[in-house]
Structure formats: structure tokens, C-alpha cells
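Everything below concerns the one structure shown next.
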Amino acid sequence: MSERIENKELVELLGKVREDNSEKNMIALLKAAAGAKFIVPVDGTEGAYSFHAVSDKNGLKYMVCYSDTDSFEIAFEDKYKKQQGVMAGFGDLVEVVMTDKMGLSGFVINPGVEEVLFGKDMIKLIAQQMGIGGDGTAKVGEPDKYPPELLGALTDFLKIEPSVSKVWVRLMRENGTDRISWLIIAETPLEGEPLKYMLDNMRKYCLPYLDNMDAYCASSKEEFASKVIAGVKPFVEAN
């Protein structure tokens with residue numbers, strides 16, 4: 001594989017989680033991993049690859065992957081020029097484990113060094129959040145946690161934008177990609193250019209409070225948006 005991969009933030013977080021697997025560190029790691037590319041060592045030919053796996057003391061198998069090119073090269077030392085590696089997104093790793101064709105119990109990043117393991121129970125939760133295994137359209141769900149400052153930001157936005165009466169916030173992932181973003185839906189009577197202008201302003205207003213993730217803003221009148229928020233309590237309402 002000619003392309004070199006660098007994930008400095010991810011490698012630092014892997015080290016932190018290795019020392020302290022607190023919820024705060026794990027959430028930060030998941031956010032970094034969600035948008036990262038990994039190197040998966042493989043044998044065979046395209047279309048018939050076999051993945052490398054390691055076993056724990058209980059005989060459970062975990063697929064091996066590496067966070068960057070340096071880690072991959074160090075792991076295989078002089079053999080790395082002969083060792084095949086394919087690039088995969090975090091969603092690809094999750095999907096391989098979820099299909100369970102190899103009897104995998106999860107995957108491990110940088111075995112023997114930072115060595116952070118994602119077991120199948122955790123991966124199932126991540127798969128549900130990411131919408132893996134769907135019909136190729138965007139999957140939307142309830143996030144485990146909201147950015148801590150988002151509620152205050154949207155409350156302030158409603159004060160300066162009287163056309164918006166309610167706002168819903170969901171987490172969205174487009175199947176077939178590793179793109180995860182926030183979906184912010186507004187109830188408003190605006191249409192056409194005034195609506196487009198307001199939604200653009202709302203996105204720009206919220207971006208600094210979204211923990212470095214992107215956002216897509218939509219009107220609750222849009223068909224897909226109305227389905228997403230059906231029966232869901234608004235995140236914030238105008239007084």
C-alpha cells in the first residue's frame with residue numbers, strides 16, 4: 001500500500017486509553033477513530049483476503065489493525081515490504097466483526113503496543129449508532145451523549161431567531177461511509193431562500209459547540225426530517 005497514514009491524535013488517545021480507560025478518554029477515542037483510516041494486514045489476493053487475528057487466553061479471536069503506517073511498519077519490521085495491508089475505515093472494521101464470518105470477538109488496534117481492544121458487545125452498540133447493516137441510506141439515531149454546550153447555544157439561537165419554535169438534534173451516519181455528523185432539525189414557517197439562510201446561520205452558530213463534528217441542518221417539513229423526529233421530544237423549545 002503506497003499511501004501513508006498518519007493519525008497523531010488517534011495514537012495519542014490510544015496511549016491515554018491504555019493507561020486510563022475512563023469514559024471521557026473512550027469517548028474522545030471513539031470520536032477520533034470514527035473519522036480515521038486504519039491499516040489491516042491481509043494475506044491472499046483482492047476478493048479473497050484473509051485477515052490477521054490474535055487470540056486471548058480464552059481462545060477468543062480479534063482482528064488486527066494498525067492506527068498508522070509507522071505502527072504497521074514497526075510491527076512487521078523487515079517483513080513490512082512483503083506484508084500486504086489494506087486501508088479501512090472504522091466503520092469497515094465494525095462491519096467485518098458484525099458479519100461474523102470469521103468468528104471474531106472484536107478487533108484490536110496496535111497489538112503489543114498501545115493495544116486497545118474493541119469487544120463485540122461494544123461494537124454492537126457502535127454499529128447501532130453508526131447504522132451499519134442498513135439499506136444504504138443515512139441512518140439517524142439518539143446519541144449516547146450530547147455536546148455539553150450545545151443546549152445553551154441552541155437556546156441562545158432561538159432567542160435571536162424568532163422564526164424557530166423547536167429544535168431536534170440527532171446523530172446521523174450515511175451507510176457505506178465513515179461520515180458521522182449531527183442532524184439539527186428546526187420547526188419553522190420559513191421557506192425558500194429565507195429558510196436556506198436561516199439554516200445556514202444555525203449551522204454556523206452551532207459548529208463551535210459540536211466537539212469538532214460537522215452538522216446538517218434541515219426543516220421539520222422535509223419528509224425525511226419529519227420521519228426522524230416522529231415521536232421524539234424536541235432538544236430545545238422557544239419560551
Side-chain angles (χ1 to χ4, degrees), residues 7-10 12-13 16 22-37 89-91 94 125-132 134 136-239:
N7 286 316
K8 292 182 180 180
E9 180 187 8
L10 178 64
E12 289 177 2
L13 288 168
K16 285 185 178 180
S22 64
E23 182 180 6
K24 178 181 178 182
N25 285 345
M26 281 301 298
I27 290 174
L29 174 62
L30 284 171
K31 287 179 180 177
K37 294 294 183 181
F90 190 71
V94 172
L125 294 175
I126 296 171
Q128 291 171 0
Q129 195 71 60
M130 297 178 76
I132 289 174
T137 59
K139 294 296 182 181
V140 180
E142 180 78 20
D144 293 332
K145 288 189 176 182
Y146 293 93
E149 299 180 3
L150 182 59
L151 178 60
L154 281 170
T155 299
D156 290 341
F157 181 78
L158 264 59
K159 292 177 181 177
I160 62 175
E161 182 51 70
S163 71
V164 179
S165 55
K166 298 177 183 178
V167 175
W168 292 262
V169 178
R170 313 296 280 169
L171 201 60
M172 178 172 68
R173 177 188 184 269
E174 183 178 348
N175 277 356
T177 75
D178 298 312
R179 179 178 170 80
I180 301 174
S181 58
W182 292 102
L183 174 61
I184 302 176
I185 301 171
E187 182 176 271
T188 174
L190 297 179
E191 296 180 354
E193 284 302 317
L195 172 63
K196 183 178 178 182
Y197 180 77
M198 185 278 293
L199 292 175
D200 186 53
N201 282 343
M202 183 166 69
R203 176 179 175 274
K204 291 177 181 177
Y205 196 93
C206 291
L207 280 177
Y209 308 99
L210 296 178
D211 294 340
N212 298 317
M213 290 176 64
D214 201 357
Y216 177 78
C217 296
S219 166
S220 60
K221 293 181 181 179
E222 294 187 34
E223 183 178 359
F224 87 95
S226 64
K227 292 180 179 178
V228 166
I229 62 176
V232 177
K233 183 179 178 181
F235 182 66
V236 62
E237 297 185 57
N239 294 326

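None of these values were measured; they are calculated from a predicted model. Residue indices begin at 1 and follow the sequence shown.
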Does Lys16, at its NZ atom, have more than 12 non-hydrogen atoms belonging to other residues, nucleotides or ligands within less than 6.0 Å?
no
Kindly write out the residues that satisfy salt bridge (Lys or Arg N to Asp or Glu O under 4.0 Å) with Lys204, not counting sequence neighbours, or none if the list is empty.
Asp200
To check you understand the geometry: which heavy-atom pair defines the closest contact between Val164 and Ala186, and what is its length?
CG1-CB, 4.0 Å
Please round to the nearest 0.5 Å and tell me the distance separating atom CG of Leu29 and atom CD of Glu9.
9.5 Å
Ring pair (Phe, Tyr, Trp, His ring centres under 6.0 Å) pairs touching residues 141-173, sequence neighbours excluded, are Tyr146-Phe235, Phe157-Tyr205
Stepwise side-chain contact (heavy atoms from CB on, under 4.5 Å) test for Met198 and Ser163:
CA-CA 9 Å; Met198 185 278 293; Ser163 71; 4.2 Å; yes
Can you name the closest pair of heavy atoms from Leu10 and Ala32 and give their distance?
CD1-CB, 4.2 Å
Can you name the one residue among Cys217, Ser220, Ser219 that meets side chain to side chain contact (heavy atoms under 4.5 Å, CB included) with Ile185?
Ser220
Has Arg170 got a side-chain atom pairing as donor or acceptor with Leu183's backbone, closer than 3.5 angstrom?
no
Please round to the nearest 0.5 Å and tell me the distance separating atom CE of Met26 and atom CG of Leu13.
10.5 Å
Which value, rounded to the nearest 0.5 Å, describes the distance between Leu210 atom CG and Glu149 atom CD?
10.5 Å
So CD of Glu222 and CG of Leu195: to nearest 0.5 Å the spacing works out to 7.5 Å
How long is the span from the CD atom in Glu237 to the OG1 atom in Thr155, to the nearest 0.5 Å?
11.0 Å
Which atom names give the shortest non-hydrogen contact between Leu207 and Met213, and what distance separates them?
CD2-O, 3.9 Å
Spacing of CG belonging to Leu190 relative to CG belonging to Leu199, to within rounding of 0.5 Å
8.0 Å
Which pair of non-hydrogen atoms, one from Ser165 and one from Glu187, has the smallest distance, and what is that distance?
OG-OE2, 2.8 Å
Got a sec: does the CD of Glu161 have more than 12 other heavy atoms crowding it under 6.0 Å?
yes
Are side-chain heavy atoms of Asp211 and Ile27 found at a separation under 4.5 Å?
no
Leu171/Trp182 under side-chain contact (heavy atoms from CB on, under 4.5 Å): CA gap, chis, key distance, verdict
CA-CA 5 Å; Leu171 201 60; Trp182 292 102; 3.7 Å; yes
Give the intermediate values and the outcome of side-chain contact (heavy atoms from CB on, under 4.5 Å) for residues Asp214 and Arg203.
CA-CA 9 Å; Asp214 201 357; Arg203 176 179 175 274; 2.8 Å; yes
